[in-house]
Engineer: 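One structure, pasted below without further comment.
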Amino acid sequence: MSKEKPSIPKGTRDFGPAVVVKRNYIFGVIKRTFEKFGYLPLETPAMEQLSVLTGKYGDEGDQLIFKILNSGDFLSKTTAADIEQGSKQLTRKISEKALRYDLTVPFARFVVMNRNEISFPFKRYQIQPVWRADRPQRGRYREFYQCDADVVGTNSLLCEAEIVQMIDEVLSTLGMTDFTIKINHRGILAGIAEAIGEKGREGDICVAIDKLDKIGAEGVRKELQDRGIAEGAVDKLEPLYDLKGSNAEILDQLQTLLGSTEEGQRGLKDLREVWEYLDNLGSYALSTQNPSGKLRLQLDVTLARGLSYYTGCIFEVKVNNANMGSISGGGRYDNLTGMFGMPGVSGVGFSFGVDRIYDVLEELQLFPASSEVGTKVLIVQFDKEAERYALPLLQKLRDAGIASELYPEAAKLKKQMSYADQKKIPFVLLIGSEEMASGKLKLRDMQTGEQDELYIDDIIAQLKAEAK
RNA sequence: GUGGUUGUAGCUCAGUUGGUUAGAGCACCAGAUUGUGAUUCUGGGGGUCGUGGGUUCGAGACCCAUCUUCCACCCCA
């Protein structure tokens, strides 16, 4: 026997029964919503060919990919020269597979591999864990779940509008009442860059602006200057930070500022179209008021979401009454499958951060009691004879759809009762010699402590009524 | 990847400038109560002080390494 204390790898977690039940509740709401909007599930393997993943997330991303050591004698194909050339060269020789880093690249790979079977537009959702060799922090793990929904093969902005609808529906169903869906457009950002005289520099501008919440206008100014943006340009940029008014008013202000730029025009046209779709859908996101007064759907020109592959609309969701980063985000990308040699497929997608949503629901105490499944009734037994008597009743309860268990041995009553107590089983059924003689069983309500003597059919009826 | 931080019972934490046998609350187990949990009373079990080295007559405390936790960057969900 080893004395070694068991442990799990850094940045990973066990989920106990109570946590899994709550997580499944969140997954359930998300799945039902995705399916209601015509998205179908997809699953891909935990591991991909390393070559499929490398180069897709930038140099930094490549370092964060968990590589899988080749099985067998993984050194057999390497030479001393390989080792001398360093870890990059060596990695290719000793590792051919890697753990999935996100769900988007495997999705693109799937689309390309199955292009002839798929009918476009192709709408899929995917809820699976991904792995990153990142340094963990609160809300950041090395293994975590992503819930992606993407549609590829159409340019229609209806998809963008429906993303807003799905986000609104999922979060509302989960009981959140104060959240803001921020929306922006890469065209707007490009237009801004052009309008302030820094055409083509929107990448640098985005990275800096994205930090506005965190480091403030002064910090952003410094970061922009470090990145080589002219001071005059920054002066022109800053008024955009706090554009006032409704979304329509902001759009009008942007029209005068960016109307002359081609990219800005494209962004404004797209955004107006999204709003028109939402309007005609009768979107709750347009009509619902947040208690904090912040708009439910907010055009925010400072939303940048890194640089990555987004080319059109971009989204991000912030919960206003909880201390948490964005819990959902996404956007449109023009050329997702281009990396696998299939150009010209436009797509738009977004993702929920389940771990963060969990923390928010916990913080705001929004998990409903009904999300906690569990045994409804425990049959307590006194001896072998009572056990035999109880077995058909147990089956009858289960046939009636009532989650029930029989304590598997004739332990002390105290032990059996406290088992029910700790497992939060709301009812206990006591079967002893008196009960067997009369056929009337004692049903104890563990919350009130009240006990009734009832026939089994009445008990089933009562428990079923209770379940509603 | 850079800089910092944390680790003592199942959990939350005390533990004096290094000095007997490392404590508390909660939790757990048993009894008070052989047909009744959660409340009450009484008793009990449980710690190689994250791990490995080092300094010292003596280390939970000091030094080094390593793992882990959390935080700020980087980046991201």
Side-chain angles (χ1 to χ4, degrees), chain A residues 3-13 16 26 30 57-65 87 100-104 126-148 206-207 210-211 214-215 219 223 304-308 310 315-319 324-331 349-360 378-383 386 407 410-437 441-453:
Chain A
K3 285 201 300 184
E4 190 187 341
K5 279 185 184 170
S7 63
I8 54 174
K10 180 197 279 209
T12 65
R13 298 155 291 166
I26 300 174
I30 292 173
Y57 310 105
D59 283 344
E60 295 230 10
D62 282 354
Q63 292 187 325
L64 297 180
I65 295 170
S87 56
R100 172 170 67 214
Y101 179 87
D102 71 356
L103 300 179
T104 308
Q126 192 168 354
I127 300 179
Q128 290 189 276
V130 301
W131 294 269
R132 296 186 188 176
D134 212 352
R135 196 178 281 199
Q137 279 182 32
R138 182 180 127 83
R140 295 179 71 168
Y141 304 97
R142 290 185 142 184
E143 179 187 65
F144 62 96
Y145 278 72
Q146 288 193 329
C147 304
D148 280 25
C206 284
V207 172
D210 204 31
K211 298 177 184 167
K214 227 183 217 173
I215 60 180
E223 172 119 14
R305 280 192 74 71
L307 359 143
S308 61
Y310 295 121
F315 308 94
E316 198 162 281
V317 181
K318 181 96 180 63
V319 180
M324 183 58 71
S326 76
I327 57 168
S328 175
F350 74 111
S351 165
F352 286 109
V354 179
D355 300 286
R356 289 184 174 179
I357 289 175
Y358 182 97
D359 288 345
V360 169
L378 175 78
I379 304 179
V380 160
Q381 57 158 317
F382 293 90
D383 49 35
Y407 198 86
K412 279 188 194 157
L413 195 51
K414 183 174 174 148
K415 169 96 178 144
Q416 301 190 51
M417 293 297 286
S418 99
Y419 173 81
D421 188 45
Q422 278 171 20
K423 225 175 148 182
K424 292 195 168 68
I425 297 173
F427 292 96
V428 164
L429 199 49
L430 296 116
I431 300 178
S433 51
E434 288 172 31
E435 286 79 10
M436 284 190 280
L441 313 176
K442 281 211 178 77
L443 181 68
R444 181 178 177 86
D445 183 324
M446 293 295 277
Q447 262 173 358
T448 62
E450 283 170 27
Q451 260 174 220
D452 288 329
E453 292 188 20

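Everything numeric here is computed off the predicted structure, so don't read it as measured data. Below, each value reflects all heavy atoms present in this structure, side chains not excepted, and no hydrogens, waters or symmetry copies.
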Engineer: Heavy-atom distance under 4.5 Å between the side chains of A/F350 and A/S328, does that happen here?
Structural biologist: yes
Engineer: For A/P129, is there any backbone N or O sitting under 3.5 Å from a side-chain donor or acceptor partner on A/R100?
Structural biologist: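 Answer holds: yes.
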Engineer: Who are the side-chain hydrogen bond (donor to acceptor under 3.5 Å, both in side chains) partners of A/Q451, not counting sequence neighbours?
Structural biologist: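 Per chain and number, A/Q451 pairs via side-chain hydrogen bond (donor to acceptor under 3.5 Å, both in side chains) with A/R444.
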Engineer: Using the C1' atom in both, what is the distance from B/A24 to B/G47, to the nearest Å?
Structural biologist: 14 Å
Engineer: Does NZ belonging to A/K415 count more than 12 external heavy atoms closer than 6.0 Å?
Structural biologist: no
Engineer: Could you tell me if the side chain of A/V130 sits less than 4.5 Å from the side chain of A/F144, heavy atoms only?
Structural biologist: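 Of all side-chain heavy-atom pairs linking A/V130 with A/F144, at least one is under 4.5 Å.
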Engineer: A/L103 CG to B/C76 C1': how many Å, rounded?
Structural biologist: 14 Å
Engineer: Residues two or more places apart in sequence or in another chain: which of them pass side-chain hydrogen bond (donor to acceptor under 3.5 Å, both in side chains) with A/D383?
Structural biologist: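 Counting only residues at least two positions away or on another chain, A/D383 forms no side-chain hydrogen bond (donor to acceptor under 3.5 Å, both in side chains).
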Engineer: Where do N or O atoms of nucleotides 70-73 of chain B meet protein N or O atoms at under 3.5 Å, pair by pair?
Structural biologist:
residue: B/C71; atom: OP2; partner: A/R138; partner atom: N; Å: 2.2
residue: B/A72; atom: OP2; partner: A/Q137; partner atom: OE1; Å: 3.2
residue: B/A72; atom: N7; partner: A/Q137; partner atom: NE2; Å: 3.4

Engineer: Quick one: CG on A/D210 to CD on A/E223, what's the gap to the nearest 0.5 Å?
Structural biologist: 10.0 Å
Engineer: RNA chain B in dot-bracket, Watson-Crick or G-U pairs under 3.5 Å, [ ] crossing, | other strand?
Structural biologist: ((((..(..((((.....[...)))).(((((.......))))).....(((((..]....))))))..))))....
Engineer: Any side-chain heavy atom of A/V319 within less than 4.5 Å of one from A/R356?
Structural biologist: no
Engineer: For A/R132 and for A/Q63, locate the closest nucleotide of RNA chain B by heavy-atom distance; then report the residue assigned to the nucleotide nearer the 5' terminus.
Structural biologist: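 Going by which nucleotide is closer to the 5' end, it is A/Q63.
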Engineer: Provide the distance between the two P atoms, one in B/U56 and one in B/G18, to the nearest whole Å.
Structural biologist: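 The same atom, P, in both gives a distance of 16 Å.
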Engineer: Report which part of the nucleic acid A/S351 touches: base, sugar-phosphate, or nothing (heavy-atom distance under 4.0 Å, all strands).
Structural biologist: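 A/S351: no heavy atom of the nucleic acid under 4.0 Å.
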Engineer: When the P atoms of B/U21 and B/G37 are considered, how many whole Å apart are they?
Structural biologist: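 It comes out at 43 Å once rounded to the nearest Å.
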Engineer: With P as the reference atom in both, quote the distance from B/U69 to B/C62 in angstrom, rounded to an integer.
Structural biologist: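 Here B/U69 and B/C62 have their P atoms 23 Å from each other.
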Engineer: Run the side-chain hydrogen bond (donor to acceptor under 3.5 Å, both in side chains) test against A/Q146 and tell me which residues pass, sequence neighbours left out.
Structural biologist: none
Engineer: Mind checking side chain to side chain contact (heavy atoms under 4.5 Å, CB included) for A/E316 and listing every partner two or more places apart, or none if nothing turns up?
Structural biologist: A/L303, A/R305, A/S326
Engineer: Mind checking the P distance from B/G44 to B/G23? Whole angstroms is fine.
Structural biologist: 14 Å
Engineer: Applying salt bridge (Lys or Arg N to Asp or Glu O under 4.0 Å), name anything that partners A/D445, two or more places apart in sequence or on another chain.
Structural biologist: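 Counting only residues at least two positions away or on another chain, A/D445 forms no salt bridge (Lys or Arg N to Asp or Glu O under 4.0 Å).
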Engineer: Of all residues at least two apart in sequence or in a different chain, which pass the side-chain hydrogen bond (donor to acceptor under 3.5 Å, both in side chains) check with A/D355?
Structural biologist: A/R13, A/R23
Engineer: In whole Å, measure the gap between the C1' atoms of B/G45 and B/C64 for me.
Structural biologist: 37 Å
Engineer: Using atom NZ of A/K424 as one end and atom P of B/A38 as the other, report the distance to the nearest whole Å.
Structural biologist: 14 Å
Engineer: Test your reading of the model: is there a side-chain donor-acceptor pair from A/Q416 to the backbone of A/Q381, 3.5 Å cut-off?
Structural biologist: yes
Engineer: What is the distance, to the nearest angstrom, from the OH atom on A/Y310 to the C1' atom on B/C76?
Structural biologist: 11 Å
Engineer: Below 3.5 Å between N/O atoms, which protein atoms pair up with nucleotides 66-68 of chain B? Just atom names and distances, please.
Structural biologist:
residue: B/U68; atom: OP2; partner: A/K10; partner atom: NZ; Å: 3.4

Engineer: Assess the residue pair A/E434 and A/K442 against the criterion (side-chain contact (heavy atoms from CB on, under 4.5 Å)); give the C-alpha distance rounded to whole Å, side-chain angles, the decisive distance to 0.1 Å, and a yes or no.
Structural biologist: CA-CA 10 Å; A/E434 288 172 31; A/K442 281 211 178 77; 3.9 Å; yes
Engineer: For nucleotides 30-37 of chain B, just jot down a letter per nucleotide in 5' to 3' order: B, S or -, based on protein non-hydrogen atoms under 4.0 Å.
Structural biologist: -S---BBB
Engineer: For atom C1', what is the distance between B/A59 and B/U16, given to the nearest Å?
Structural biologist: 15 Å
Engineer: Can you tell me how far P of B/C74 sits from CD of A/E223, to the nearest Å?
Structural biologist: 7 Å
Engineer: With P as the reference atom in both, quote the distance from B/C63 to B/C73 in angstrom, rounded to an integer.
Structural biologist: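 It comes out at 28 Å once rounded to the nearest Å.
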Engineer: The criterion is side chain to side chain contact (heavy atoms under 4.5 Å, CB included); which residues satisfy it with A/K414, sequence neighbours excluded?
Structural biologist: none
Engineer: Under 3.5 Å, which protein N or O atoms sit close to an N or O of nucleotides 8-10 of chain B? Give each pair with its distance.
Structural biologist:
none

Engineer: In sequence, state the C-alpha distance, the side-chain angles, and the governing distance for A/Y101 and A/R132, and then conclude on side-chain contact (heavy atoms from CB on, under 4.5 Å).
Structural biologist: CA-CA 6 Å; A/Y101 179 87; A/R132 296 186 188 176; 3.6 Å; yes
Engineer: Which whole-number value in Å describes the distance from A/D134 CG to B/U69 C1'?
Structural biologist: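 Value for this atom pair: 16 Å.
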Engineer: Going through the checks in order, is the side-chain contact (heavy atoms from CB on, under 4.5 Å) test met by A/L430 and A/L413?
Structural biologist: CA-CA 10 Å; A/L430 296 116; A/L413 195 51; 4.0 Å; yes
